[in-house]
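Note that these values count all heavy atoms, side chains included, but never hydrogens, waters or copies made by symmetry.
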Amino acid sequence: MNFWLMKSEPEVYSIDNLFKDKFTLWEGVRNYQARNFMMNSMAVGDLVLFYHSNANPSGIAGLAKVSRTKLIDQTQFNSKSEYFDPKAGVDHPRWFCVEVEYLLKLKSVITLDDLRAHTSLLKMGVLQKGQRLSVMPVALNEFEYIYKNWISPTKSRDNFDSLNI
DNA sequence: GCCAACGTTGGC
DNA sequence: GCCAACGTTGGC
């Protein structure tokens with residue numbers, strides 16, 4: 001299993017939206033590196049830190065799980081969509097996405113300051129200066145650390161049993 | 001709203 | 001294939 005961090009602006013689509021929807025297609029990614037992660041590396045069951053960007057505060061707002069992979073992002077073909085890509089065609093799609101499933105919403109957002117206060121997390125992609133990727137991998141040790149410190153209901157568990165994964 | 005960082009585009 | 005110009009991201 002792999003771990004990911006995926007960014008969304010809560011004004012556009014928040015963890016509350018995902019709670020209501022239960023599932024969502026992660027459409028609109030128009031960055032090749034981010035696309036390649038979704039296309040080549042994500043597997044069903046991978047866990048996702050749902051990150052609110054451009055928010056008050058910005059940070060990790062909840063947890064999701066990859067439920068379908070290697071889907072063609074249909075918005076690239078829709079000339080009415082803000083994600084329309086005139087260089088893509090149904091016979092040669094450029095952009096792919098995954099579907100994610102809601103798992104939980106945190107009682108409070110784990111802010112960037114929260115994360116930076118822990119030396120074990122200093123290497124996290126999302127904390128690096130100038131990083132702009134909207135989909136990025138999270139190391140196992142980083143995910144476990146975050147899980148133990150902020151997500152696990154008992155804070156004493158060291159596995160993911162409570163999530164029924 | 002500012003602006004640093006970084007990805008993409010396109011002329012050459 | 002270089003690289004300047006431009007657009008976007010996203011914290012602040």
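Ring centers of A:Trp95 and A:Tyr32: under 6.0 Å apart, within the cut-off. Separation of the A:Trp26 and A:Phe50 ring centroids falls under the 6.0 Å cut-off.
In this structure, A:Phe143 and A:Leu49 have side chains that are in contact, with non-hydrogen atoms separated by less than 4.5 Å.
For DNA chain C, the span of nucleotides reached by chain A at under 4.0 Å from its heavy atoms goes, 5' to 3', from C:dG7 to C:dC12.
No side-chain donor from either of A:Ser53 and A:Arg132 sits under 3.5 Å from a side-chain acceptor of the other.
For the residue pair A:Val90 and A:Phe77, the shortest heavy atom distance occurs at N-CE2, 3.4 Å. For A:Thr24 against A:Leu18, the heavy-atom pair with the smallest separation is CG2-CD1, 3.8 Å.
Residue A:Arg116 is classed as a sugar-phosphate contact, given heavy-atom separations below 4.0 Å to backbone atoms only.
Remark on DNA chain B: of its neighbouring residues A:Asn54 and A:Lys87, the 5'-side contact belongs to A:Asn54, judged by nearest-heavy-atom nucleotide.
With respect to A:Glu99, the salt bridge (charged side-chain N to carboxylate O under 4.0 Å, His left out) criterion is satisfied by exactly one of A:Lys65, A:Lys22, A:Lys70, A:Arg68: A:Arg68.
Within residues 122-135 of chain A, the residues having any heavy atom closer than 4.0 Å to DNA chain B are, in order of number, A:Lys129, A:Gly130, A:Arg132.
A side-chain hydrogen bond (donor to acceptor under 3.5 Å, both in side chains) check over residues 114-129 of chain A, counting only residues at least two apart or in different chains, returns the pairs A:Thr111-A:Asp114, A:His118-A:Tyr145.
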